[in-house]
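My questions all concern the structure below.
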Amino acid sequence: MAASSFFTEFPHLLTPSAPIEAPWLSRCATQVAPDLLGCLLVRQFPDGTCLRSVIVETEAYTPGDPACHAYRRRTTRNAIMFGPAGFTYVYLIYGMYHCLNVVTDVDGAPSAVLLRALQLETVAAIANPRQEKPHRVAAGPGKLCRALELNLSHTAQPLQPDRALWLEHRPPSLDTPLQSEAIAITQTTRIGLTQGADRPWRWYISDSPAVSRR
DNA sequence: TACGGGATCTGT
DNA sequence: CAGATCCCGTAA
């Protein structure tokens with residue numbers, strides 16, 4: 001299967017790939033965010049079933065970034081961002097949606113990557129009451145957490161295999177130089193911000209139908 | 001203790 | 001384009 005069709009078509013039959021470890025995430029969020037495109041997010045539900053998905057849209061939030069929740073100071077909510085990489089940062093937005101971040105960079109550098117959209121391997125395993133098109137079910141940070149049933153109990157959790165959430169590297173079939181060239185990435189400014197809106201720190205897989213917005 | 005803003009989504 | 005809905009940071 002060509003790399004391009006992998007992202008434009010429904011990614012059935014995703015197979016396990018090598019887990020992403022903390023050191024790989026211990027880089028600047030603006031480096032990690034585009035690197036996470038094409039990687040897999042695995043959700044293990046309380047009953048033990050796993051749902052795999054392809055990360056297709058991300059945003060970076062860094063130290064010194066006025067849009068970053070850790071911009072002002074360390075608080076109870078953002079404390080996890082100040083620690084080492086490899087943990088989740090989940091927060092409640094507008095009283096009804098949650099957003100999932102991956103903590104990045106070294107200990108003491110508060111930063112994270114917001115996961116904005118996923119292409120799920122299958123929607124048969126999750127509730128889809130609105131009968132949405134499968135590739136739109138996780139198209140947006142709030143919808144993503146709704147689909148994966150993530151809430152505040154999932155913040156500050158380590159991203160490790162056999163936990164509630166973990167990351168895996170791009171499938172080997174996509175990791176060769178030739179095929180990676182087929183993964184066109186678009187870089188734009190971030191969505192919905194009142195501060196720091198000028199920084200071009202949003203990335204998405206250009207031809208993915210699961211991207212939240214163009 | 002009180003107040004109000006917010007990295008969203010949906011239907012009109 | 002307005003409304004839903006609530007945690008938490010900030011000020012008092």
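Here is the naming used below: chain letters follow the sequence lines, and residue numbers restart at 1 for every chain.
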Transitively linked via ILVMFWY side-chain contacts under 4.5 Å: A:Leu51 with A:Val42? no
Which is true for A:Gly95 with a 4.0 Å heavy-atom rule: it touches a base, it touches only sugar-phosphate, or it touches nothing?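 Base, at least one base heavy atom under 4.0 Å.
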| Taking atom C1' of B:dA7 as reference, at what distance in whole Å does atom CG of A:Leu144 sit? |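 Distance check: A:Leu144 CG to B:dA7 C1' gives 13 Å.
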Rounded to whole Å, CG of A:Leu152 lies from C1' of C:dT5 at a distance of 13 Å
Item to complete: Would you mind reading off the distance between A:Arg190 atom CZ and B:dG6 atom C1', rounded to a whole angstrom?
Response: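 Distance check: A:Arg190 CZ to B:dG6 C1' gives 15 Å.
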Taking A:Arg116 for its side chain and A:Leu144 for its backbone only, find out whether a donor-acceptor pair lies under 3.5 Å. no
The nucleotide from C:dT5, B:dA7, C:dC7 with an atom nearest the side chain of A:Leu193 is B:dA7
Quick one: is A:Arg199 getting a side-chain N or O under 4.0 Å of the B:dA7 phosphate, OP1 or OP2? no
- prompt: Expressed in angstrom and rounded to an integer, what is the separation of A:Ile191 atom CD1 from B:dC9 atom P?
  reply: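 Taking CD1 of A:Ile191 and P of B:dC9, I get 10 Å after rounding.
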Which atom of A:Tyr89 lies closest to which atom of A:Arg77, heavy atoms considered =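 Smallest interatomic distance, heavy atoms only, reads CE1-O, 3.4 Å.
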Within residues 67-94 of chain A, the residues having a heavy atom closer than 4.0 Å to DNA chain B are A:Ala67, A:His69, A:Tyr91, A:Ile93, A:Tyr94
> Is any side-chain N or O of A:Arg130 closer than 4.0 Å to OP1 or OP2 of B:dG11?
Replying inline: yes
Do A:Leu165 and A:Leu167 sit in one hydrophobic cluster, given that two such residues count as connected whenever their side-chain heavy atoms are within less than 4.5 Å of each other, even indirectly? yes
Point to revise | Rounded distance in Å - CD (A:Gln195) to P (B:dG5) | key: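 For the pair A:Gln195 CD and B:dG5 P, the rounded distance is 13 Å.
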Here the distance between atom C1' of B:dT8 and atom CD of A:Glu57, to the nearest Å, is 13 Å
Expected output: side-chain A:Glu168 to main-chain A:Ser17 donor-acceptor under 3.5 Å:
yes
**OP:** Indicate the atoms forming the closest heavy-atom contact of A:Gly64 with A:Arg199, along with that distance.
**Re:**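 Between these two residues, the closest heavy atoms are O-NH2, 3.4 Å.
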State, to 0.1 Å, how close A:Leu100 and A:Cys145 come at their nearest heavy-atom pair, and which atoms those are.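 Minimum heavy-atom contact is N-SG, 3.5 Å.
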* **Distance between P atoms of C:dT5 and B:dA2 (Å, rounded)** => 23 Å
Exercise for review: Please list every stem that involves DNA chain C, where a stem is a run of 3 or more consecutive Watson-Crick or G-U wobble pairs with both pairing distances under 3.5 Å.
Suggested key: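 Ordered by first number, the stems with DNA chain C (at least 3 consecutive pairs each) read B:1-6 with C:6-11, B:8-11 with C:1-4.
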In whole angstroms, the gap separating C1' of B:dA7 from CG of A:Asn101 amounts to 8 Å
| task | Would you confirm whether A:Asp65, through its side chain, and A:Ala67, through its main-chain N or O, come within 3.5 Å as a donor-acceptor pair? | result | yes
Check your understanding: Does A:Arg213 place a side-chain N or O at less than 4.0 Å from the phosphate oxygens OP1/OP2 of B:dT8?
Key -> no
Cluster check A:Leu148, A:Val137: I/L/V/M/F/W/Y, side chain < 4.5 angstrom
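In one cluster with A:Leu148: A:Val137, yes.
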Rounded to whole Å, CG of A:Leu114 lies from P of B:dG6 at a distance of 16 Å
